[in-house]
Amino acid sequence: MRARAMLLAAMALLIGCRGRPRSSPSDPVEISRVVDSLRPSVERAVGQSFSETPRSAMVSKEEVRRFIMERMEQEFPPVRRAGVEAAYSLLGLLPDTLNLDSLLLAIYSEQVAGYYDPQSRTLYGVHGADPTQLRLILAHELVHALQHESLPLDSILVGGGDGDRTAAAQAVLEGHATLASTAMLSGDPGIVENEEFWNQYREQVLAGQQQMPVFARAPLILRERLIFPYLAGAEFMRWWKRTRGSPLPSLEQLPASTEQVLHPDRYPADRPGRIEFADSSADVMIEETLGELEIHVLLASFIDLVRAAYDAPLGWKADRLRVYQTSGGPALVWYSLWDGEPQAARFHRNAQAGFQDIVKPGYRVDVSRVTHRGGPGVRVVHAPEGWGGWKSVPRIR
């Protein structure tokens, strides 16, 4: 659902909609007819047949809103949201005044025409949606329904303390659905390999941000996280199709990091490392991995760029972040490991300059070089001046 309005705008402008319905379906019988009409083309585009036709239903905009709120509560409960807000605030990625709940709900609700729910295995169309958009989105969502027959979408898309790995998996799923639905609706299976078309598609998706006012005003970290699957994920799947032949990675073949998605030459040999904190998890609000994608965004935010650049690999090896609840406010401790000394030194310089500009009143920042198992690393601490952890900063093992 997330940033798909931009995807729809790009596809509609570049390839149009074949067999456009005159009006939007208004009942389950009509939407099931649209799904049935799209099913054979989706199967051909993906190279896989449905074992059974997915269920479908029409819902109101208010029902969509309730669905989004329920899913947010399940996948992003209040404790985790508070931890994310604290972490991103201490990283300088979100302003303290932002109400993340309201913003996420507004973004996810913006211009929704339809969606696939993995938990109920049902395709939903939204009453009143533009018929062209609805047909486009149903083609895209049908690919997700077909993916679900070979991959456990409902568990893949739920983060388990490694948001970077989850983002990489989501990028594969959205990238695959983008390519398949684009090829299907264009009537040309090879169109996604046409570089001129693909460059136009990228430009249209990026320009489409301005058609979504809430999205366009969102902080850089949210915009980049939401658009990443549809651009970088699609690029990765174009590479996958050229080099691997199979239409979709298996569960075991999914990339393990956003680094592998952004730089396919690092797949699969350059596996991400693993870091664990050595101290107690008491008072921990959140523990997460940022990964290549979010570190790129962080570096871009330090110098006020409107978009992050992902062309050059950072040399990221692993990272782990914790936010502790303290009497003086949340305290962030973040360790990152790097492929070599030059990469660690470069990140250390950029982080030192960037964090000094965002240190909060009553807080202190320390950006230090560390060594872990002989490898170069960087430790960032952004915590209240009176925090007891300054005397013995949590370590990793």
Side-chain angles (χ1 to χ4, degrees), residues 83-84 86-94 159 161-168 220-221 224-225 228 255-263 266 270-279 281 284-303 308-310 312-324 330-359 363-383 389-390 393-397:
V84 169
Y88 280 176
S89 175
L90 290 167
L91 291 168
L93 293 170
L94 290 182
D162 190 345
D164 184 60
R165 191 182 190 105
T166 301
L220 180 65
I221 184 64
E224 293 291 322
R225 276 298 302 260
F228 169 74
S257 67
T258 56
E259 179 187 48
Q260 292 180 338
V261 174
L262 290 166
H263 311 292
R266 301 197 167 214
D270 192 356
R271 304 285 296 181
R274 180 175 176 81
I275 301 175
E276 293 181 354
F277 278 86
D279 67 318
S281 60
V284 172
M285 299 176 66
I286 190 171
E287 182 170 335
E288 260 296 355
T289 298
L290 296 185
E292 176 110 354
L293 169 66
E294 295 202 343
I295 296 175
H296 268 297
V297 178
L298 177 67
L299 295 173
S301 73
F302 285 156
I303 52 177
Y310 304 104
L314 294 174
W316 171 90
K317 187 181 184 70
D319 76 85
R320 200 66 174 162
L321 172 151
R322 267 187 178 181
V323 176
Y324 296 87
L332 177 143
V333 180
W334 177 35
Y335 286 88
S336 58
L337 304 182
W338 301 86
D339 289 337
E341 177 60 30
Q343 294 90 341
R346 180 172 62 247
F347 177 73
H348 180 244
R349 288 194 303 271
N350 291 332
Q352 271 193 320
F355 276 97
Q356 289 304 324
D357 288 340
I358 64 169
V359 61
Y363 272 65
R364 192 169 113 207
V365 165
D366 176 73
V367 182
S368 304
R369 291 296 309 275
V370 296
T371 300
H372 182 66
R373 293 185 176 178
V378 177
R379 186 192 70 191
V380 176
V381 183
H382 188 180
W390 283 115
V393 175
R395 295 174 296 155
I396 55 173
R397 62 188 177 194

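Source: prediction; values computed, not measured.
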Value rounded to 0.5 Å, distance of CD in Q352 from CG in D357: 12.0 Å
Correct closest heavy-atom pair for A86 and V323 would be CB-CG1, 4.0 Å
Given side chains that start at C-beta, do those of V393 and Y335 come closer than 4.5 Å, heavy atoms only? yes
Which class fits the ring pair H263 and H296: parallel under 30°, tilted 30 to 60°, perpendicular over 60°? tilted
Within a 6.0 Å radius of atom CZ on R397, are there more than 12 heavy atoms belonging to other residues, nucleotides or ligands? yes
Evaluate side-chain contact (heavy atoms from CB on, under 4.5 Å) for L91 paired with I221, printing each intermediate quantity in order. CA-CA 11 Å; L91 291 168; I221 184 64; over 6 Å; no
Work out which heavy atom in A383 is nearest to a heavy atom in Y363; give both atom names and the distance. C-CD2, 3.2 Å
Rounding to 0.5 Å, atoms CG (N350) and CZ (F355) come to a distance of 11.0 Å
Student check: side-chain heavy atoms of H372 and V370 closer than 4.5 Å: no
Identify the two heavy atoms, one from A300 and one from L220, that lie closest to each other, and give their separation to 0.1 Å. CB-CD2, 4.1 Å
Backbone N/O of S257 and side chain of E292: donor-acceptor pair under 3.5 Å: no
Could you tell me which non-hydrogen atom of L290 sits nearest to which non-hydrogen atom of D319, and how far apart they are? N-OD1, 2.8 Å
Is there a side-chain hydrogen bond (donor to acceptor under 3.5 Å, both in side chains) between W338 and S336 once you walk through the steps? CA-CA 7 Å; W338 301 86; S336 58; 2.9 Å; yes
Residues passing the side-chain hydrogen bond (donor to acceptor under 3.5 Å, both in side chains) test with R369, sequence neighbours excluded, are E341
What residues form a salt bridge (charged side-chain N to carboxylate O under 4.0 Å, His left out) with R165, not counting sequence neighbours? none
Taking C-beta and beyond as the side chain, do V297 and Y310 meet within less than 4.5 Å on heavy atoms? yes
Quick one: CG on L293 to CG on L298, what's the gap to the nearest 0.5 Å? 11.5 Å
Before giving the answer on side-chain hydrogen bond (donor to acceptor under 3.5 Å, both in side chains), spell out for T258 and D164 the whole-Å C-alpha distance, their side-chain angles and the decisive distance to 0.1 Å. CA-CA 6 Å; T258 56; D164 184 60; 2.5 Å; yes
Answer whether the closest heavy-atom distance between the side chains of E294 and E224 falls below 4.5 Å. no
Does a side-chain heavy-atom distance below 4.5 Å link R322 with P394? no
Taking the basic N atoms (NZ, or NE/NH1/NH2) and the acidic carboxylate oxygens, is any pair closer than 4.0 Å for E276 and R320? no
Here the gap from L93 atom CG to I358 atom CD1, rounded to the nearest 0.5 Å, amounts to 7.5 Å
Under a 4.5 Å cut-off applied to non-hydrogen side-chain atoms, are V359 and H382 in contact? yes
In the structure I gave you, are the side-chain heavy atoms of W334 and L90 within less than 4.5 Å of one another anywhere? no
Are F347 and L314 close enough that some pair of their side-chain heavy atoms sits under 4.5 Å apart? no
Where is the tightest heavy-atom contact between R379 and V381, given as atom of each residue plus distance? NE-CG2, 3.7 Å
Minimal non-hydrogen separation, W316 against E259, with atom names: O-OE2, 3.1 Å
